[in-house]
Amino acid sequence: MAANSLDRAKQAVRTQVWDALTAADAVHDPSVHGRIPHFKGAEQAAARLARLPAWQRASVVKAVPDKAQLPVRARALEEGKTVYMAVPRLATPKPFYLLDPAALTVPPAEAAASRTAAAIAPTVEVDALRPLDLIILGSVAVNRDGARIGKGAGYSDIEFALLTEAGLVTSETIVVTTVHALQVTDTPIPTTEHDVSVDLIVTPDETLTCPNPHRPSGIDWPALTAEKIAAIPALAARQGT
């Protein structure tokens, strides 16, 4: 599928899901279009995730900063897990916030909020991260094969590629997304080589295990524009090595 056709197909799936969530009054956002949905039931999904062996084994978690995953980040910190969260748009040379539960100066639920984390957490370079046990992604849509779509900026895939090349994502790392049941679609989701699939989908009422999820092996340089590389210092530094 050509790039433009693929982008249109992905956007059609996003619109379908955003419209369904809006019609069902299933989100907290005044308008969900253009966002990772802050879905109702996010706390229940986080509680369901916390009962899984993959969560209970994990001591190091990389999580997105979206509001829908705030209960996941808070629970991780409350349970003593180290949490890494990306700086917006990976725009700084040290592109991850380090939330160390032993060093927090505010309660975990407060520290887990993206604005608070930005104010209190140190930032670290990619190579300073510990190997990741669990990666938590936000999604607009996901299917039962594990293919997912974000809001379209591509930062989750770039983060994953950077972390993979740094040896921080291993065969033992579990990739999870927490979503509303209406975000689990039967519509085919077109994917490319650099798109990250998930191992587990957790809704407030169900846990889905995905067969053979796709893992990019590293950075897909041909898929990145010069402007994108220049805007992300960690990418620009790797291109020069």
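Residue pairs satisfying the salt bridge (charged side-chain N to carboxylate O under 4.0 Å, His left out) criterion with at least one member in residues 45-60, sequence neighbours excluded, are absent.
Note on L52 and V72: same hydrophobic cluster, where clusters join Ile, Leu, Val, Met, Phe, Trp and Tyr whose side-chain heavy atoms are under 4.5 Å apart, directly or indirectly. Using a 4.5 Å cut-off between side-chain heavy atoms of Ile, Leu, Val, Met, Phe, Trp and Tyr, with links allowed through other members, W55 and V202 fall into the same hydrophobic cluster. Linking Ile, Leu, Val, Met, Phe, Trp and Tyr whenever their side-chain heavy atoms come within less than 4.5 Å puts L137 and Y155 in one cluster. Under the 4.5 Å side-chain heavy-atom criterion for ILVMFWY residues, a single connected hydrophobic cluster contains both L132 and F96. Clustering ILVMFWY residues whenever any of their side-chain heavy atoms sit less than 4.5 angstrom apart, transitively, puts V198 in the very cluster that holds L208.
How far CG of L49 is from CD of Q56: 9.5 Å, rounded to the nearest 0.5 Å.
A donor-acceptor contact under 3.5 angstrom links the side chains of Q11 and R14, judged on distance only. In summary, the side chains of S59 and D133 do present a donor paired with an acceptor at a separation below 3.5 Å, with no hydrogens or angles considered. Defined by atom type and a distance below 3.5 Å, a donor-acceptor pair is present between the side-chain atoms of T187 and Q16. Defined by atom type and a distance below 3.5 Å, a donor-acceptor pair is missing between the side-chain atoms of R148 and S197.
Evaluation of the side chain to side chain donor-acceptor pair (under 3.5 Å) rule for D199 yields R215 as partners, not counting sequence neighbours. Every side chain to side chain contact (heavy atoms under 4.5 Å, CB included) that S31 has, sequence neighbours left out, goes to H33. Listed by chain and residue number, nothing satisfies the side chain to side chain donor-acceptor pair (under 3.5 Å) test with H28 (two or more places apart in sequence, or in another chain).
Relative to the six-membered ring of W18, K151 misses at least one condition, a distance below 6.0 Å or an angle of at most 45° to the axis.
Side-chain contacts under 4.5 Å among hydrophobic residues (ILVMFWY), followed directly or transitively, place V87 together with M85, Y97.
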Run the side-chain donor-acceptor check on residues 156-166: report pairs under 3.5 Å with partners two or more places apart or on a different chain.
residue: D157; atom: OD1; partner: V196; partner atom: N; Å: 3.1
residue: E159; atom: OE1; partner: K62; partner atom: NZ; Å: 2.3
residue: T164; atom: OG1; partner: F160; partner atom: O; Å: 2.8
residue: E165; atom: OE2; partner: I219; partner atom: N; Å: 3.0

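Put simply, the side chain of P95 reaches to within 4.5 Å of the side chain of V126, judged on heavy atoms.
By the 6.0 Å contact criterion, NZ on K94 is open, its count of non-hydrogen atoms from other residues, nucleotides or ligands being 12 or less.
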### Task
Please lay out, stage by stage, how D195 and T192 fare under the test side chain to side chain donor-acceptor pair (under 3.5 Å).
CA-CA 5 Å; D195 288 326; T192 63; 3.1 Å; yes
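For D29 and K40, the salt-bridge test fails: no basic side-chain N is under 4.0 Å from an acidic carboxylate O.
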